[in-house]
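A short worksheet on the structure shown next.
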There are 2 protein chains.
Amino acid sequence: MQTTTGNTRKPPTLADVAKLAGVSLATASKSLNGRQQVKAETRERVLSAAEQLNFSPNVLARHLLSGRSGTIGLVTHDLEGRFSIPTLMGAEDAAGTGKTSVLLCDARGDALREQYHVQALLGRRVDGLIVVGARPDPRPSLGQLPVPVVYAYAPSQDPADMSVVTDNVQGGRLVAEHLLACGRSRVAIVTGDAGYGAAHDRVDGATAVLAEAGVEVLGGPLYGAWTEEWGRTAAGLVVNRFADVDAIISGSDQIARGVLDTLREAGRRVPEDVAVTGHDNWEILALNARPQLTSIDMNLEELGRRAAALLFDAIEGDPHHGTEVIPSRLVPRGSTGPKPA
Amino acid sequence: MQTTTGNTRKPPTLADVAKLAGVSLATASKSLNGRQQVKAETRERVLSAAEQLNFSPNVLARHLLSGRSGTIGLVTHDLEGRFSIPTLMGAEDAAGTGKTSVLLCDARGDALREQYHVQALLGRRVDGLIVVGARPDPRPSLGQLPVPVVYAYAPSQDPADMSVVTDNVQGGRLVAEHLLACGRSRVAIVTGDAGYGAAHDRVDGATAVLAEAGVEVLGGPLYGAWTEEWGRTAAGLVVNRFADVDAIISGSDQIARGVLDTLREAGRRVPEDVAVTGHDNWEILALNARPQLTSIDMNLEELGRRAAALLFDAIEGDPHHGTEVIPSRLVPRGSTGPKPA
DNA sequence: TTGTAGGCGTTATCAC
DNA sequence: GTGATAACGCCTACAA
């Protein structure tokens, strides 16, 4: 580690390096940037001078010329939440590997705050913007901006925008296919708030597959809340009304946890008597469940990476349009399995 | 909303505004920055020109002069984790209100990646750095850097650095005081990995308070893992060995959830027979528990805000030193209450 | 009250 | 191979 004396001194500039190496600014620049038009020995001298001064080039100054800041803005609406974080990780992943950095803002679901942050980011001359929603329903477009925008998780209402979302319908299908493969035929669905498009999509995917197999959802899907409490309550309703239920599809892992609790207390064995599935693959819930929870992973990190990739394409001048859908995957665990004969 | 035509055109510059307003660069600058040396009417003209062009000043260019980038770097080691997010929110909160933005990097617990990110951030001329750890144990210092650094959640091993951490000892005390106030005297402790300093600190705080009241911890604290599974197992041990236990202090909310499950299945009523406390106040776990979980909130957002405040102080030339401790607070819920007579 | 000119740190384009 | 020099977009003395 270099012995940088003091905290306050301004960082060394290219001029300092050049002076120390006894060359001109131009030569110093070329040396450091690997240009070929400089003698090896000279380059050595510059490099060691830079090393000695602990020089790191001022990226901001570089931006003035290039017109690119090497920075993207990430506006999230759900920083404390479950869904934005993996998306954000994926985006940071895709961005960070190169030499673009991520400016993070939390708009907390407030359109005004969003507007404010977007303006601030534009002032910082970000090369592009990713907007991560809090829930998967379509949201208003930011409109025409001087830089490309990708909407992640929550798509833009404007089909001309770029959006990346999870495939909730397919997620629902995966669950149903899995349960059918397990030999289940008395299937109930317990899911969350009917105000969420995702709730319906997941139900639609599942019911479609079940219907093809001639299986009807017992009593129809039960909508409620995204809580364990509702899972417990709803599972009670199901068990009372359909004693021979052999599978319960839950709209989220939280709901599934509640379902599992009620089943255990009702003396139903999982998965022997009743198979249970969750959704989201929230490991803190899924892995700690008894038994561990079969769930749908929405591949949110992949979604984030994809969003970043689309954004970079657009920045490079190759914009896509419309909504891209990231498939989910089933993560089978102990809460499902073949139905005993 | 301005009708910005096209996606690709370069943003307008101050020169464009000046030209449109028919004034010089300097006058345009003064007008936009509220300098007094310009006629009201002229200012109007400039402002409306700026409006018309949808001009937003290039903050990066401004940095070249001021030497400040209006940006801080946030290096986290636990982006997917429970603890860094609220800290990050607090920091973003404190920063975002002003006009400094946050550059986010996830180092994922890897020192090399951390080093890399720090260099990248320094290249971007951040005004300061906040490093958020993944676990509360002391970590190696980054050493002398050209900008101030604050270590959040995980303190630096070097006392000359600035650190902000949670008060785990005090958290432990709060729990013990609460349980004593509830009239409990047969108290067990179930906590996580003994490799975590936080586990010991919380235990120490609790046992100290209990000892003062003449209460010993039944069988001594049980160390294990930060999982529900261990909570279930350990609670089983406790109940078998100490039938008259009337309180179980859990080292985390996850553990507490496991404890609650075992107690319910053992036929113990909570809180009547046994009071249970958690730690972390992870709402997804605490609020969904039966009954809802009394827990310790570490005030992580406050921690983040404080870290940012310390950083800003240091940036302004008023650096603090040493480790600042943020007190926790008890959040009482249904899992604790007075012991019935 | 307004305009001119220099400089912030870097890179690219030329001459040398 | 190397070195002046002109940008980039903005701000701030200073001059007019």
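The chains referred to below are lettered A, B, ... by the order of the sequence lines, with proteins before strands, and numbering in each begins at 1.
- Exactly one of B:Glu114, B:Arg108, B:Arg113 qualifies for a side chain to side chain donor-acceptor pair (under 3.5 Å) with B:His77. That residue is B:Glu114.
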Set out, line by line, the N/O atom pairs under 3.5 Å between protein and nucleotides 14-16 of chain D.
none

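- Contact check, A:Thr27 against D:dG3: a side-chain N or O comes under 4.0 Å of OP1 or OP2.
- Using a 4.0 Å cutoff on non-hydrogen atoms, the parts of residues 12-20 of chain B near DNA chain D are B:Thr13, B:Leu14, ordered by number.
- For the atom pair CG (B:Leu129) and OH (B:Tyr151), the distance works out to 8.0 Å, reported to the nearest 0.5 Å.
- In this structure, the separation between OG on B:Ser101 and CG on B:Leu74 is 12.0 Å, given to the nearest 0.5 Å.
- For the pairing with A:Phe83, the side chain to side chain contact (heavy atoms under 4.5 Å, CB included) check across A:Thr76, A:Leu88, A:Leu300 returns one residue only, A:Leu300.
- Of the residues in residues 58-69 of chain B, those placing a heavy atom less than 4.0 Å from an atom of DNA chain C are B:Leu64, B:Leu65, in numerical order.
- Between B:Ser29 and A:Ala28, it is A:Ala28 whose nearest contact on DNA chain D lies nearer the 5' terminus.
- Across all strands, B:Arg43 comes closer than 4.0 Å to no nucleic acid atom at all (heavy-atom distances).
- Between the side chain of A:Thr42 and the backbone N or O of A:Val38 there is no donor-acceptor pair closer than 3.5 Å.
- In summary, contact between chain B and DNA chain C, defined as any nucleotide atom under 4.0 Å from a heavy atom of the protein, begins and ends at C:dT1 to C:dG9 in the 5' to 3' direction.
- Here the CD1-OG1 distance, from A:Ile130 to A:Thr87, works out to 9.5 Å after rounding to the nearest 0.5 Å.
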Show your reasoning for whether side-chain hydrogen bond (donor to acceptor under 3.5 Å, both in side chains) applies to B:Asp161 and B:Ser141.
CA-CA 8 Å; B:Asp161 289 332; B:Ser141 173; 2.5 Å; yes
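- In this structure, CD on B:Glu302 lies 12.5 Å from OG1 on B:Thr166, to the nearest 0.5 angstrom.
- Note that CZ of A:Arg62 and CZ of B:Arg124 are 9.5 Å apart. Values are rounded to the nearest 0.5 Å.
- Spacing between atom CD of A:Glu44 and atom P of D:dG1 amounts to 15 Å, rounded to whole angstrom units.
- Each of A:Leu25 and B:Val23 was matched to the nucleotide of DNA chain C holding its nearest heavy atom; the match closer to the 5' end belongs to B:Val23.
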side-chain contact (heavy atoms from CB on, under 4.5 Å) for A:Leu79 and B:Ile85? Distances and angles first, verdict last.
CA-CA 7 Å; A:Leu79 191 45; B:Ile85 301 301; 4.2 Å; yes
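- Residues passing the salt bridge (Lys or Arg N to Asp or Glu O under 4.0 Å) test with B:Asp127: none are found, sequence neighbours excluded.
- End-to-end axis angle of the helix from C:dT1-D:dA16 to C:dC16-D:dG1, using five pairs per end and rounding to 10°, comes to 50°.
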Given side-chain contact (heavy atoms from CB on, under 4.5 Å), test A:Leu47 with A:Leu32 step by step and report yes or no.
CA-CA 7 Å; A:Leu47 256 43; A:Leu32 291 172; 3.6 Å; yes
Intermediate values then yes/no, side-chain hydrogen bond (donor to acceptor under 3.5 Å, both in side chains), B:Thr71 and B:Arg125
CA-CA 8 Å; B:Thr71 291; B:Arg125 294 297 184 269; over 6 Å; no
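- Taking a cutoff of 4.0 Å between a charged side-chain nitrogen and a carboxylate oxygen, B:Glu301 and B:Arg305 qualify as a salt bridge.
- Residues B:Val149 and B:Leu142 approach most closely at CG1-CD1, 4.3 Å, considering heavy atoms.
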